[in-house]
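Data first, discussion second: the structure below is written as structure tokens.
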There are 2 protein chains.
Amino acid sequence: MAGVSQSAVSRAFSPTASISARTRQKVLAAAASLGYRPNRIPAIMLSGRSYMVGVVIGGLQNPFYATALEQLATALRENGLQVMLMHVEDAVTLDSALDQLVSYRIDAVVTSLAIGSDTVVRALSQLGIPVVCFNSSRVGPWISTVNSNNHGAGLTAARLLAHNGIRYPVWLTGPVRNAASRARGEGFRQGLHDAGSPPAALSVLQGDDTYDSGYDAIARLKKRGVRPDGIFASNDMMACGAIDALRECMGLHCPRDVIILGYDNIPQAAWRSYDLTSFSQHTEHMVARTMELLDEALATQDTPLSRTYVVDAQLIERGSTGCAP
Amino acid sequence: MAGVSQSAVSRAFSPTASISARTRQKVLAAAASLGYRPNRIPAIMLSGRSYMVGVVIGGLQNPFYATALEQLATALRENGLQVMLMHVEDAVTLDSALDQLVSYRIDAVVTSLAIGSDTVVRALSQLGIPVVCFNSSRVGPWISTVNSNNHGAGLTAARLLAHNGIRYPVWLTGPVRNAASRARGEGFRQGLHDAGSPPAALSVLQGDDTYDSGYDAIARLKKRGVRPDGIFASNDMMACGAIDALRECMGLHCPRDVIILGYDNIPQAAWRSYDLTSFSQHTEHMVARTMELLDEALATQDTPLSRTYVVDAQLIERGSTGCAP
DNA sequence: TTGTATGCGTTATCAT
DNA sequence: ATGATAACGCATACAA
């Protein structure tokens, strides 16, 4: 235990250091018997890098985000980065959450948040902290984004509906602040227009990305006296709510009376009671792109990185659009 | 900017420090214009406390864990603690994950993992790091647990089945390594026995806590020629799979032909297609108990804390056991 | 290869 | 109320 310098200990735990095998053995043995574990905190001060990444997320009750977080956390760990998690539901806590992250000197931020006050974005930019956004339209010198091809998926959904001769299409949209949802809606309208469907035929229902809001939206539609025959929902949770409401409130069944598409391809979309056609966002690819962006941003620490990746969403056809199971 | 000492800056950002309002203003103004943010990293070295808590979790695709994580993360943040997230699926990565956490000098670990190699637990104990487990039977000097009343819920489930005159009960169990699942099964058997049901009448199906495993288990049951009339599933995901398989494979409907109970009360249990009676674990209470344990463990840093809280699970009756919606 | 010395950005102690 | 100084545990530049 005695007889080794402090630097010898440091070197023993550094794979690249020049140290004799004998000394390393001695140190490692002593460490094991004393229960000594190297402390990474001082290295943060010396190097200016913490190898911690702030992950700012909300809406974990949506299985899509839960799955995405799972994959992101795994990828970050495999790249030697720690996850400092911030669950945030409103702009106020977002502000303080980012304060926390900054004070811990995180190397970067990854977020899937639709919200994000501009002051916050500006603050991060000023500090030169790289930010990677999922499905956000935010732009700025230190901000990169990884988006799924929302607009293209909207086009595809419209084409599928047109191909099935839909006359009373419905767009079940998410919150207006959700840029991804807006893009899906724009693609959908565009696609309907391209297919010659009159804009007046489209019913637009406002939801908030929850099951209940999908259910309620269809209930409202019934009161309006509209009998839909094709629905595109901005996410799967709302689509599941819509399917249940169609059956319970209107006596309509999928795909016999109405076909329906969702987005995200959450596990529940494959559950037999829903059998929901959906767009898979390929979170593995999106996470891989995120890691690329992080690697690059952290390698070139001083130069702001601002790149956008668009990952194609893949249509997963199931029974809700008439596909055999 | 100039004209203030290092300590003045420190005091300006410390609410309890004795400093004149004038000096504080000056420092804060300079900090704002220079973009200076206090760094919490050195304080970790000085105080020996990082205010970071390792959260080790797996199976995030189960909405129960996603919701629990959401609530835990919120509670920790409100108590001034940071979440260092570790997503872990197997014992190997668990080992290295804990190494990481220890090297960052986390103050404590919270985990909902069923796995947990004993070497790991021993390592944490040796280091004197408090651990709080969710629904785990692990014990040790630094380990506390917050459990839902799994055994009691099993009893309740059996009583409900007996009350409905069930003759062919089924226990759809989770993985054997899952202590919570085992306790639920033991309570269930006990309850059936108390109600005078012959043990031979009970069919036991092995699942792995996923929807598919619940579905497949019922499909196997059909091959065995068993026609169940009452099912208790160790979690809601398996229960949902079972409901779908009962209908698709056996033509049985809930609650007309068979009644079914799950566990966790995930959001999907309330979805109209399942309308599943379930046990709510009251994660808010469990999280609150967890925070109490953490507060106490962190206050008395040197004395090992080892306490167990049991939080009653609440039966949420829905249509799958014949309750009107 | 090994040991010594310096510094990272704070907080706490002490003196003023 | 304020400033100077030591200390936290490590990595690195330098000397040996």
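No hydrogens, no waters, no symmetry mates; every other heavy atom, side chains included, goes into these values. A, B, ... follow the sequence lines: proteins, then strands. Residue 1 opens every chain.
With sequence neighbours excluded, no residue forms a salt bridge (charged side-chain N to carboxylate O under 4.0 Å, His left out) with Glu89(A). For Asp209(B), the salt bridge (charged side-chain N to carboxylate O under 4.0 Å, His left out) test picks out no residue, with sequence neighbours left out. Thr74(B) pairs by the side chain to side chain donor-acceptor pair (under 3.5 Å) definition with nothing, not counting sequence neighbours.
Proximity of Ser5(A) to the phosphate of dT4(C): no side-chain N or O atom is located under 4.0 Å from OP1 or OP2. Look at Tyr104(A) and you won't find any side-chain N or O under 4.0 angstrom from OP1 or OP2 of dT10(C).
Residues of residues 16-24 of chain B that place a heavy atom closer than 4.0 Å to DNA chain D, in numerical order, are Ser18(B), Ile19(B), Ser20(B), Thr23(B).
Along DNA chain C, the nucleotide nearest to Val9(B) and the one nearest to Pro42(A) differ in position, and the one closer to the 5' end is contacted by Pro42(A).
Nucleotide dA11(D) holds its P atom 12 Å from the OH atom of Tyr51(A), rounded to whole Å. Rounded to a whole Å, the CD1 atom of Ile44(B) is 12 Å from the C1' atom of dG9(D). Counting to the nearest Å, the C1' atom of dT11(C) and the CE atom of Met45(A) are 11 Å from each other. Regarding Arg49(B), its CZ atom lies at a distance of 19 Å from the C1' atom of dG9(D), rounded to whole Å. Counting to the nearest Å, the P atom of dT10(C) and the CZ atom of Arg37(B) are 12 Å from each other. Atom CG in Asn39(B) sits roughly 19 Å away from atom P in dG7(C) (whole-Å rounding). Atom CZ of Arg40(A) and atom C1' of dC8(C) are 16 Å apart (whole Å).
For residues 35-45 of chain B, the set of pairs meeting the salt bridge (Lys or Arg N to Asp or Glu O under 4.0 Å) definition, not counting sequence neighbours, comprises Asp99(A)-Arg37(B). Sorted by first and then second residue, the pairs that involve residues 299-309 of chain A and meet salt bridge (Lys or Arg N to Asp or Glu O under 4.0 Å), not counting sequence neighbours, are Glu296(A)-Arg307(A). Annotation: salt bridge (Lys or Arg N to Asp or Glu O under 4.0 Å) contacts involving residues 60-72 of chain B, sequence neighbours excluded, are absent. Screening residues 54-64 of chain B for salt bridge (Lys or Arg N to Asp or Glu O under 4.0 Å), with sequence neighbours left out, gives no hits.
In this structure, Phe13(A) reaches neither bases nor backbone, as no heavy-atom distance under 4.0 Å exists between it and the strands shown.
A side-chain donor-acceptor contact under 3.5 Å links Thr23(A) and Ser20(A). Looking only at atom types and distance, the side chain of Thr93(A) has no donor-acceptor partner in the side chain of Ser96(A) under 3.5 Å away.
The cationic group of Arg49(A) lies under 6.0 Å from the six-membered ring centre of Tyr51(A) and within 45° of the ring axis, placing it in a cation-pi geometry.
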Using atom types as modelled, flag every donor-acceptor pair under 3.5 Å from a side chain in residues 53-68 of chain A to any protein atom, sequence neighbours excluded.
from     : atom 1 : to       : atom 2 : distance (Å)
Asn62(A) : OD1    : Phe64(A) : N      : 2.9
Thr67(A) : OG1    : Pro63(A) : O      : 2.8

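Taken from OG in Ser148(B) to CZ in Phe134(B), the straight-line distance is 10.5 Å, to the nearest 0.5 Å. Taking OG1 of Thr16(B) as the start and CZ of Arg11(B) as the end, the distance is 11.0 Å to the nearest 0.5 Å.
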> Dot-bracket for DNA chain C: what is it, with Watson-Crick or G-U pairs under 3.5 Å, [ ] where a pair crosses earlier ones, and | for a pair to another strand?
Replying inline: |.||||||||||||||

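In this structure, Leu305(B) and Pro130(B) have side chains that are not in contact, with every pair of non-hydrogen atoms separated by 4.5 Å or more.
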Considering only nitrogen or oxygen atoms on both sides, find all protein atoms under 3.5 Å from nucleotides 5-7 of chain D and state each distance.
none

Extract from the structure each pairing of a protein N or O with an N or O of nucleotides 14-16 of chain C at less than 3.5 Å, listing the distance.
none

